[in-house]
Amino acid sequence: MRTTVDLDRKLLERAKRALGTPTYREAITRALEEAIARADMRALLDRLAGSDATWDLDELFAYRRLGDGDPA
């Protein structure tokens, strides 16, 4: 598909370098893929919110102390 879009050339050059891509087309494709992956990760984190998968170490240790008392 061909689409014409007016892009900020300096921003596009920065994206190309940051993503390590040789072409503008590849930089745009990779940037779009990364935006989607980031959104998917945010959705996953939202689903995990409050579960033990998102506890920090202090919360985990507090839970362990309230549990069986075994520190290991």
### Query
Do any N or O atoms from the side chain of Arg30 and from the backbone of Thr21 form a donor-acceptor pair under 3.5 angstrom?
no
### Message
Taking the side chain as everything from C-beta on, heavy atoms only, tell me whether Val5 gets closer than 4.5 Å to Ile28.
### Response
no
### Query
Would you say Leu19 and Ile36 are hydrophobically clustered, going by side-chain heavy atoms of ILVMFWY under 4.5 Å?
no
### Task
Look up atom CZ in Arg25 and atom OG1 in Thr29, then write down how far apart they are to the nearest 0.5 Å.
6.5 Å
### Query
With hydrophobic residues grouped by side-chain heavy-atom distances under 4.5 Å, do Leu32 and Leu12 end up in a single group?
yes
### Query
Can you tell me how far CG of Asp8 sits from CD of Glu13, rounded to the nearest 0.5 angstrom?
10.5 Å
### Inter-residue atom distance Lys16.NZ - Arg9.CZ, 0.5 Å rounding
9.0 Å
